[in-house]
Structures are given as structure tokens and as C-alpha cells.
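Being a predicted model, the structure only gives us computed values, none of them experimental.
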Amino acid sequence: MNISTKQIEDALSEVKVPEGDKSIWESGIVKNIQIFGKEVVLDLEINNPTLQYKKRIEVDCLKIIHNKVYKKAIIKVNFSVIQQEEKTNIIKGKEIPGVKNIIAISSGKGGVGKSTITANLAVALSDLGYKVGVVDADIYGPSMHIMFDLEGSVPKTIEVNGKSKIKPLENYGVKLLSIGFFAQSQQAVVWRGPMASKALNQLIWDANWGELDYLLIDLPPGTGDIHLSLVQSIPVTGAVVVSTPQAIALADAKKGVNMFQLETINVPVLGIVENMAYFTPEEFPNNKYYIFGKEGAKELAEQMNIDLLAEIPLVQSVREASDIGRPAVLQGSTDVAIALSNLAKKVIEKIETRNSELEKTKVVETSHTKGCSTN
């Protein structure tokens, strides 16, 4: 018996797709039909790779061809699976109601004092009369709740316009949300990227921030999922990169700057803060010791054509202030308090210039970073 392609097509038009009413022929699943005498070879393309799904279609094809075309036909069904583009945990991008400026505080390397700078910058901005909030987005190593003397506190939920919202805790005039409020102090946060991004989503969007002039986002070190989720979720006004003068830290800081300057991200870098720039002992107030190197961040800033926002000295009182939850900028007329206050003024100046000269930052719309490099 001669089997025609038309006979096979008519038969397959009666085989239903398991998840719908259309036939596999109407759905375009059948990509090729080959006939060699009494042998029929079908090439099908499906989006469900499960064995059960394949088996059901194969059995239905065999039955219909044997019943409608030729009982002794030898039928071979080849399956290929449509490759789905891997999706990241993209947070819908939009402005946060009531928040005027969003500043991402980043560092390429851990241990350079990024969170300390964030906490002091927030308090300094508040002391200058601005309404300020902080999101501790360092999901794996939250510390902001300790620096603001809020360890052990838990935010409450309130109802806003019929929706349940988290009410940020507040100290020193700064509103704060941190994953540290929701995880026990000794508990390690072990999450994969999408889980961490979802947590960041909740800290940002499930909170009642009210009216803010500045919302600071304290990012984890490096350039990873959290950073991409941030720029995919909200239009970041600008970024501040923190580094020590050490060559290793500067190499990573350069990657951080490059990340924000990628064409697919394009967040303005306000400048670099050089933390632990030098050490001056109390007994020798006129001496400066450059323990981690001298003016490394200044040279990097010049190299990358961005501003050096501040050089913050290495002072024991800064560490002590962080540990007891009272940021060092509150220490009055000390050199480090003045340096931190001047940093806040510089950031305000850079934000005002940025807003007058550039359009609002657009939310990143890509769903992956394939082909992007921060090296």
C-alpha cells in the first residue's frame, strides 16, 4: 500500500494536544513528515519535556494512523523540546511613590566599610533636614539594624489603602528596613539568587515609606543578582561606590563602576568614597599613616572620569560607634564626623547636578545579562 503525506496530515488533524482542543497539526507541533514505503517518520516539536506528555502524543499518533491510514504502518515519532529562555526573578519596574531620589551604595569587595558609610550618610542627610530611608539589601550579611541600634526590633504591619504594608522602623530620623529584622541574629541566610531578589522586592515594595527625599540602598558586595534586580525594579537616581585605597579593593571597585556604566544598566555613578584613607593616632594628631595605600581611590576616580566624593579616615571611634548603634557622624566636631557630613553635602550637590542635567534613570528592561561583562 502506498501511504501519502495527505493521508498522514488528515489523520494527525484528529490527534488533540494534551493541554488543549487544537490538534497537533493545527498547533504546528508537526514539523516534518517522511514516508519510506510503509514506514512513517514524524518530527514533532513540543514545549513539555515530560515522558508522560511525549508518550500520550506518540500513542495517539500510532492509533490514528493505524486506524485511519494503514494498520501495518511502522511509525517512528521523534521529539524535540522548545528551549525556553531562562527567566530571572525580574521585579516590575516603577517608581516608588513619594520617593524623590534613590541612591545605590555599592562596593566591589566586602570589608571596605560600605554599610558604615551608608548608615552615616543617611544620618548626615537627615541632620541636614532631609527625609531619608535605608533599605539594607545586603541580604546575606545584614548589619544596618545593628548600626541603627535596632537589633531585636521587628517592624509592624499597617493597612494602607486596604493593603497590608510593612512600617519601617526609625532611629536618628532615618526610616529603615533590613532582612536582619526578620532573621535571627545567629541565623545564616542561605538563599539562591531568585530568593534573595524576592526578599529585596518585599523590602522595597511591601513597605510604607511615605515621603522621602532620599532612599539609600545598601547593596551586598560584588556584582550579582541583587544588583541586577535592583536596577530592574526601580529607576536608581545614582550610585556611590565605596572602596579602600588598597589595590585589590580598587580592582573590584572598578568592576562595580563598570557595572553601573554598562549600556544595559546605565545608572549615573555619583562618585567614589575612599574609606579608611589614612590613620591618625590620638597621640600624634598631625601624623597620617596610609595603612592601605595612598590616594588609590583618587587615582581610580581620575582614571574613570568620576568624582572622588570623600576621604574618610580610619578611626577607632567609627568602629565603636557602629557596634553600639550610634553612627560616628553624630560625634559633633571630630574630624571623621566633619568628613562624613561633608560627604552628605557632596552627594546632595551631585544629585542636584545629575537631576538638572540628565533624564530620569530608566528601569532596566532586559530579563538576562547574557553577553555583559563587568571586567
Side-chain angles (χ1 to χ4, degrees), residues 90-91 93-96 98-109 112 114 117-118 120-122 124-125 128 130-135 137 200 204 212-243 250 252-275 297-312 342-366 369 372-375:
I90 295 178
I91 310 166
K94 56 185 177 181
E95 295 183 355
I96 302 174
V99 177
K100 295 179 182 177
N101 298 288
I102 301 169
I103 304 175
I105 315 293
S106 172
S107 70
K109 181 179 178 295
V112 299
K114 167 186 54 61
I117 294 297
T118 303
N120 281 280
L121 175 58
L125 289 169
L128 290 170
Y130 295 94
K131 296 176 182 178
V132 185
V134 173
V135 172
L200 174 59
I204 292 174
L212 293 180
D213 296 302
Y214 297 99
L215 178 63
L216 308 187
I217 313 287
D218 182 39
L219 292 169
T223 52
D225 288 339
I226 294 294
H227 307 75
L228 184 59
S229 292
L230 173 71
V231 295
Q232 287 174 333
S233 66
I234 49 179
V236 178
T237 311
V240 172
V241 178
V242 180
S243 179
L250 291 168
D252 289 335
K254 184 176 182 179
K255 293 179 182 179
V257 173
N258 284 335
M259 178 195 69
F260 287 114
Q261 292 180 339
L262 283 170
E263 186 177 349
T264 52
I265 293 180
N266 196 28
V267 170
V269 177
L270 304 177
I272 294 179
V273 176
E274 183 175 86
N275 195 27
K298 180 180 179 181
E299 293 175 3
L300 179 61
E302 291 175 353
Q303 175 187 338
M304 305 197 75
N305 197 29
I306 56 178
D307 282 357
L308 176 66
L309 299 175
E311 294 175 302
I312 309 299
N342 287 338
L343 167 62
K345 294 172 184 176
K346 186 70 174 179
V347 168
I348 293 169
E349 177 188 324
K350 292 296 296 180
I351 286 289
E352 290 178 349
T353 301
R354 177 253 178 275
N355 288 342
S356 65
E357 295 180 354
L358 300 175
E359 295 181 358
K360 285 188 176 182
T361 304
K362 295 180 180 179
V363 174
V364 174
E365 298 176 351
T366 54
T369 55
C372 293
S373 173
T374 56
N375 292 320

Full working for side-chain contact (heavy atoms from CB on, under 4.5 Å) between Val273 and Leu121: CA-CA 11 Å; Val273 176; Leu121 175 58; over 6 Å; no
Atom pair OG (Ser107) and CG (Leu219), whose distance is rounded to the nearest 0.5 Å: 8.5 Å
Check: Thr237 side chain, Ile102 main-chain N or O, donor-acceptor pair, under 3.5 Å: yes
Residues Phe260, Val236; criterion side-chain contact (heavy atoms from CB on, under 4.5 Å); working and verdict: CA-CA 10 Å; Phe260 287 114; Val236 178; 5.7 Å; no
Spacing of CG belonging to Leu215 relative to CD1 belonging to Ile204, to within rounding of 0.5 Å: 7.5 Å
Side chain to side chain donor-acceptor pair (under 3.5 Å) involving Lys100 - partner list, sequence neighbours excluded: Asp213
Lys345: partners by salt bridge (charged side-chain N to carboxylate O under 4.0 Å, His left out), with sequence neighbours left out: none
From CD (Glu302) to CD (Glu299), nearest 0.5 Å: 7.0 Å
Non-neighbouring partners of Asn120 that pass side-chain contact (heavy atoms from CB on, under 4.5 Å), sequence neighbours left out: Thr116, Pro327, Ala328, Val329, Leu340
Check: Leu343 and Ile117 side chains under 4.5 Å, non-hydrogen atoms: yes
Partners passing side chain to side chain donor-acceptor pair (under 3.5 Å) against Asn275 (at least two apart in sequence or in another chain): none
Donor-acceptor under 3.5 Å (Arg354 side chain, Leu270 main chain): no
Shortest non-hydrogen contact between Pro220 and Ala137, atoms and distance: CD-O, 3.3 Å
Nearest non-hydrogen partners of Ala344 and Leu128, listed with the distance: CB-CD1, 4.1 Å
Sub-4.5 Å side-chain heavy-atom contact between Tyr130 and Ile348: yes
Nearest-0.5 Å distance, NZ of residue Lys350 to CG of residue Leu309: 7.5 Å
Student check: side-chain heavy atoms of Asn101 and Asn355 closer than 4.5 Å: yes
Test side-chain contact (heavy atoms from CB on, under 4.5 Å) applied to Leu300 - qualifying residues, sequence neighbours left out: Leu250, Ala253, Lys254, Ile272, Gln303, Met304
Donor-acceptor contact below 3.5 Å, side chain Lys114 vs main chain Pro221: no
Ala122 to Val134 - nearest heavy-atom pair and separation: CB-CG2, 3.5 Å
Test item: Leu216 and Asp218 side chains (from C-beta on) under 4.5 Å apart, heavy atoms: no
CA sep, side-chain torsions, deciding dist, call: Gln261, Ile306, side-chain contact (heavy atoms from CB on, under 4.5 Å): CA-CA 11 Å; Gln261 292 180 339; Ile306 56 178; 4.0 Å; yes
Lys131: partners by salt bridge (charged side-chain N to carboxylate O under 4.0 Å, His left out), with sequence neighbours left out: none
